Structures are given as structure tokens and as C-alpha cells.
Amino acid sequence: MKKTGIWILSITLMALLVYGSSCRKEQFESDPSSRLTFSTDTLMFDTLFTQLGGGPNPRSVNKRFTVHNPHAKTIKTSIHLGMGNISPFRINVDGLPVSHIEDYEIRPNDSIYVFVELSIDQNNQTNPLIVQDSVVFQTNGNVQDVKLVAWGQDAHYLVDSVLTGNVTWADQTKPYVIFNSVLVDENASLTIKEGVKVYSSVNSKLYVNGTLRIEGVKDNPVVLQGARLEQDYRNTPSQWYGIWLLTESRDNSIRYAEIKNGVIGVRVDYLQNGGGFKLDIQNTKILNMSAGGLIGYTTWIKATNVLSANCGQYTFLGELGGHYELTHCTFANYNTTFLRSKPAFGLSNADYTDTNGVVTKNPLYFDVANCIIWGSLKEELTFFLTGGGSLEKTTIRNSILKTEFVNDLNVNDNILNKDPYFKDYRELNFQLDTLSVAKDAAPVLNPPVLIDLLGELRDAQPDIGAFERKE
């Protein structure tokens with residue numbers, strides 16, 4: 001009986017404790033002097049393109065801040081955007097997409113996340129505009145906020161566009177923004193004038209079935225890149241596809257351009273009717289491509305003073321034969337962004353077999369002069385020269401090469417496996433450092449290349465590569 005009584009008493013006490021705790025009201029912090037703390041007082045967003053009416057809605061990067069309750073009791077706060085439903089900003093509180101939330105509870109010494117993004121409407125101005133709002137917190141009669149600041153810019157928008165006739169892009173104040181690709185139609189031309197900026201959304205391409213002429217100048221190049229302008233994206237590949245010169249395209253030229261942050265910088269397909277170079281590219285940088293920089297398939301390319309660097313696979317590839325003349329170019333690939341397995345530079349006369357089994361044999365001509373081909377792999381060149389097409393010319397001369405093909409390439413005054421010493425390849429600065437073996441190591445060609453990639457005069461004893469070092 002005694003044991004039974006003790007057991008019943010224990011159960012009764014436990015029940016009273018549970019009942020008492022369940023009836024006790026949670027204590028909330030109500031002191032007006034009790035305030036929240038924040039991980040930042042201002043969220044800053046870099047330039048974002050304004051919204052295209054009736055079309056795509058450019059969105060910013062998603063940013064966040066934390067809200068901390070430093071007190072010993074749970075605190076209730078109401079959260080809203082200062083501009084309410086008309087705000088270009090959107091907030092998400094711990095996973096809840098809201099514009100206003102009442103009495104949100106933050107546990108003692110705990111924090112919540114607030115995520116923020118935005119889109120910006122057109123304002124018909126050429127200069128960037130400032131858009132501001134704030135996330136407001138009302139807690140025990142206190143009003144606190146975190147300020148939101150963004151820059152936006154109007155643009156010429158092209159959505160699934162086909163360009164016909166002779167089109168010129170010349171506006172240096174408002175960029176041209178491509179959504180879901182643009183096609184330069186057959187027998188049409190697109191001329192892009194100096195200082196123009198072209199930004200493209202993810203997977204967008206600049207297709208050319210007619211003629212493309214990019215006409216940048218020394219101090220005012222044309223820029224083609226992805227549409228994300230935030231600092232975090234300045235060297236991020238795969239933001240758009242790139243330029244694709246299709247089969248019917250002809251007489252394309254690129255002068256003083258920066259093509260960056262895509263999949264393939266410039267892809268050139270097949271021979272043009274009437275023969276001759278399908279692409280003549282000069283004084284141009286191609287950077288941060290997840291697949292390739294300058295790629296040709298059975299085509300004719302002339303490249304002078306071109307830098308192609310930081311690509312996931314090839315900085316240059318001449319595939320399925322073709323005719324390639326590369327002069328004073330720098331092809332450089334380091335494993336700073338990508339885990340690479342393929343060499344930086346490739347040439348091939350492989351046969352092509354179509355869907356009907358018909359085999360085409362592709363002749364190959366290449367003359368590589370005064371170039372640098374370098375990178376972080378032991379072998380940065382690859383060749384496939386056993387196709388059925390003839391090898392009309394296969395010359396690499398007066399160039400600095402990172403290669404294990406020592407017996408084949410230690411000719412024509414090439415310099416093998418001696419570091420060219422770029423100034424800072426991690427920052428994509430491929431100008432020559434003081435101790436570079438490229439300095440004064442190139443012969444004067446016929447015809448001479450009088451200027452370098454930057455438009456600066458070469459001296460009487462030129463440097464190998466795209467840049468002439470200035471002391």
C-alpha cells in the first residue's frame with residue numbers, strides 16, 4: 001500500500017507540473033527601450049536594368065540581412081516595406097514571401113533572416129537612377145529600419161528579335177539588352193559602333209546569318225557580356241552564350257571589342273560563299289568562357305592582336321579543317337576558375353560524317369606567328385592531323401609554347417616551356433611583366449603588325465603576344 005501511494009503521489013505531482021506549465025503564458029519583451037539589432041544598416045544593389053514593359057522582368061541578385069533579438073524574452077515585431085505594395089523591392093522573412101507581416105516572433109537571443117531582391121521600372125532616362133526603400137520594423141513602439149538602395153538603368157531591349165536590312169547600334173548612353181537571342185537575318189547586317197555596350201540574358205545568343213561588323217576604337221571598345229552587372233558577377237562565365245556566325249554568314253569583322261562571361265565567345269561555322277575570311281578579328285579580348293573562346297568549324301579566321309583567356313576548355317579551336325591565320329595573339333588558360341583537362345589550343349583536320357553517312361574530308365591550313373600559347377597544364381596544345389583532308393600549311397613560328405611536343409615544335413624559333421610572365425593572370429592582366437622572355441623576341445612580320453592589342457605602337461623589336469611592353 002505504501003508503494004502504491006507513493007506512485008500515485010508522483011503521478012499527481014507530474015500532472016500538476018505539466019498542467020501548470022501549459023497554463024503559464026509565454027512572457028514577451030515589452031519594454032519600449034528593448035530594440036532589435038541588425039547585421040547591416042543598408043543593403044546596396046549594383047546596376048540593374050529596368051523592367052521591360054509587357055516582357056521579361058530583370059531581377060537583381062538576392063541579398064539578405066539578419067535581425068537579432070538580444071533580449072532574454074521573446075520579442076514581437078511587425079515588418080513591412082516602407083513603400084508597401086508599390087515598392088520595387090520584395091522581401092522574404094524566414095522563407096515567407098511577404099510585403100507586410102504583423103507580430104512576428106523572434107525567440108530570446110535568436111535571429112531571423114530577411115531576404116531582399118528587386119526589379120526596376122523604366123524611367124526613360126539615359127543615366128542610371130537610384131531606387132530606395134527600407135524594411136521597417138515596429139517593435140514595442142520603436143521604429144527601426146534597414147535601408148535598401150539600388151541603381152537601375154534604361155536600355156534598348158531586344159526580345160526574340162530578327163534584324164532585317166542594315167541595322168546600326170550606336171547609342172553609347174543606353175545599352176542594348178538581349179533576351180532570348182537576336183538573329184541578324186540572311187542578307188542583313190548589324191553594325192555595332194564604338195562605345196556601345198551589349199548585355200545578354202542567360203542562354204541568349206547573337207546569331208548572325210548575315211554580316212556582323214563591330215567597330216570599336218582604341219579608347220572606346222564595344223563590350224558584349226552577360227546582363228548581371230553586380231561586382232560578384234564581373235568575371236563569372238556562362239551568363240550568356242556568345243556570338244554565333246552561322247553557315248550563311250559572311251564578311252564579318254570585329255575591331256576593339258571585349259567579349260566576356262559567356263559559353264563560347266565567337267563561334268564561326270563553315271566556309272562562306274565566294275571564299276575568303278569569314279571572320280577578321282583584331283584588337284579584341286575574349287574572357288571567361290565556360291566552353292571556348294574563339295572556335296572555328298571548317299572555316300576561315302584571321303585573328304590579329306587577340307587575347308583569349310580563362311576558358312573552361314579551348315581558348316582557340318580550329319576543328320574539322322579550315323584556314324587559320326593567327327598573328328600576335330595571346331592564348332592563356334589557368335585553373336583559377338575551372339578544373340580543366342583540355343589543352344588551351346587545338347587544331348584538327350578530322351573528317352565530317354553527316355546523318356546520311358556521307359564523309360567530307362577537310363583540308364587544314366594554319367599559320368601561327370608571334371603568339372603565346374600558355375597555361376597551367378603540362379600540355380596546352382593538341383593536334384588531330386590524321387584526317388583525310390590535306391595539310392596545306394602547318395606552321396607555328398616565333399611563338400612561346402607550353403608543350404610536351406618538344407621534337408615537333410622546337411623549330412621556327414619557337415620558345416618552349418619558358419614562362420612568359422604575365423603581370424597578373426589571376427586578375428586577367430596578360431600584359432608582360434619585366435622579366436618576360438617575350439620581350440623583344442618577335443621578328444617584324446611582312447606585312448608588319450604596327451600596333452598591339454591596346455592600340456599602342458610596337459617598337460623596332462616587337463614582343464611576342466598581343467601586348468607590347470612599355471617600360
Side-chain angles (χ1 to χ4, degrees), residues 38-65 79-93 97-100 114-136 145-161 169-182 192-193 195-204 206 220-236 238-240 258-262 288:
F38 307 96
S39 59
T40 184
D41 60 1
T42 305
L43 276 189
M44 306 287 293
F45 293 80
D46 289 335
T47 302
L48 177 75
F49 295 114
T50 56
Q51 181 175 340
L52 175 63
N57 188 9
R59 300 163 71 97
S60 72
V61 63
N62 193 301
K63 294 197 172 188
R64 73 181 185 184
F65 62 91
I79 309 169
H80 68 274
L81 286 165
M83 295 175 62
N85 292 330
I86 65 170
S87 177
F89 294 91
R90 293 175 292 278
I91 60 173
N92 182 302
V93 179
V98 296
S99 61
H100 191 121
V114 177
F115 299 87
V116 186
E117 66 175 11
L118 79 149
S119 301
I120 302 178
D121 290 326
Q122 286 179 300
N123 71 325
N124 297 318
Q125 296 179 13
T126 56
N127 295 321
L129 64 137
I130 298 177
V131 176
Q132 301 182 71
D133 198 357
S134 58
V135 183
V136 181
D145 68 358
V146 172
K147 294 176 175 57
L148 310 175
V149 182
W151 284 264
Q153 187 176 44
D154 280 345
H156 302 278
Y157 290 93
L158 299 105
V159 184
D160 291 321
S161 300
W169 294 350
D171 193 338
Q172 297 184 31
T173 57
K174 292 173 64 173
Y176 296 78
V177 178
I178 296 173
F179 284 93
N180 301 327
S181 300
V182 163
I192 306 178
K193 292 293 189 179
V196 167
K197 293 179 173 56
V198 182
Y199 302 128
S200 297
S201 64
V202 175
N203 295 324
S204 286
L206 177 52
N220 211 7
V222 172
V223 176
L224 301 99
Q225 66 173 74
R228 301 298 292 266
L229 304 186
E230 299 92 340
Q231 182 69 12
D232 290 347
Y233 287 83
R234 67 188 181 95
N235 289 325
T236 302
S238 294
Q239 295 183 47
W240 64 303
E258 295 179 7
I259 304 166
K260 55 188 180 180
N261 301 344
N288 305 324

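One-based numbering along the sequence shown. All of these numbers come straight from a predicted model, not from anything done at the bench.
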> Checking side chain to side chain contact (heavy atoms under 4.5 Å, CB included) for the pair Leu158/Phe179: CA distance, chi angles, key distance, verdict?
Replying inline: CA-CA 6 Å; Leu158 299 105; Phe179 284 93; over 6 Å; no
Say you draw a straight line from [atom1] of [X] to [atom2] of [Y]; how long is it, rounded to the nearest 0.5 Å?
X: Ile259; Y: Leu224; atom1: CD1; atom2: CG; answer: 5.5 Å
X: Arg64; Y: Ser39; atom1: CZ; atom2: OG; answer: 8.5 Å
X: Ser99; Y: Asn92; atom1: OG; atom2: CG; answer: 12.0 Å
X: Leu206; Y: Trp240; atom1: CG; atom2: CH2; answer: 6.5 Å
X: Leu118; Y: Arg90; atom1: CG; atom2: CZ; answer: 7.0 Å
X: Ser201; Y: Phe49; atom1: OG; atom2: CZ; answer: 11.0 Å

>> Test of understanding: with ring pair (Phe, Tyr, Trp, His ring centres under 6.0 Å), list the residues that count as partners of Tyr176, not counting sequence neighbours.
In response: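 With neighbours one apart ignored, the set is His156, Trp169.
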Got a donor-acceptor contact below 3.5 angstrom from the [X] side chain to the [Y] backbone?
X: Gln239; Y: Tyr233; result: yes
X: Asp171; Y: Thr173; result: yes
X: Ser134; Y: Val136; result: no
X: Ser161; Y: Val159; result: yes

4.5 Å side-chain heavy-atom contact, [X] and [Y]:
X: Asp46; Y: Arg228; result: no
X: Ile178; Y: Val198; result: yes
X: Phe38; Y: Val114; result: no
X: Phe45; Y: Val116; result: yes
X: Val61; Y: Asp232; result: no

> Does atom NZ of Lys63 have more than 12 heavy-atom neighbours, drawn from other residues, nucleotides or ligands, at distances under 6.0 Å?
Replying inline: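 Yes.
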>> Is there a side chain to side chain contact (heavy atoms under 4.5 Å, CB included) between Ile91 and Leu81? Walk through the geometry before answering.
In response: CA-CA 8 Å; Ile91 60 173; Leu81 286 165; 3.7 Å; yes
>> Checking Asn62 now: which residues fulfil side chain to side chain contact (heavy atoms under 4.5 Å, CB included) with it, not counting sequence neighbours?
In response: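 Side chain to side chain contact (heavy atoms under 4.5 Å, CB included) list for Asn62, sorted by chain: Phe115, Glu117.
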> Parallel, tilted or perpendicular: which fits the ring planes of His80 and His100, with parallel below 30° and perpendicular above 60°?
Replying inline: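 Because their plane-to-plane angle is under 30°, the rings of His80 and His100 count as parallel.
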> Hey, which of Leu43, Val131, Thr42, Asp133 is the one that makes side-chain contact (heavy atoms from CB on, under 4.5 Å) with Val149?
Replying inline: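 Exactly one candidate clears the test, Thr42.
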>> Could you work out, with salt bridge (Lys or Arg N to Asp or Glu O under 4.0 Å) as the rule, every residue matching Asp154, not counting sequence neighbours?
In response: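 So Asp154 forms no salt bridge (Lys or Arg N to Asp or Glu O under 4.0 Å) with any residue.
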> Is there a side chain to side chain contact (heavy atoms under 4.5 Å, CB included) between Leu229 and Tyr199 once you walk through the steps?
Replying inline: CA-CA 9 Å; Leu229 304 186; Tyr199 302 128; 3.8 Å; yes
> Run the side chain to side chain contact (heavy atoms under 4.5 Å, CB included) check on Thr236 and Asn261 step by step: do they pass?
Replying inline: CA-CA 6 Å; Thr236 302; Asn261 301 344; 5.6 Å; no
Minimum heavy-atom distance between [X] and [Y], given as atom pair plus value:
X: Ser119; Y: Pro88; answer: O-CB, 3.0 Å
X: Gly152; Y: Thr50; answer: C-CG2, 4.4 Å
X: Lys193; Y: Val222; answer: O-CG2, 3.2 Å

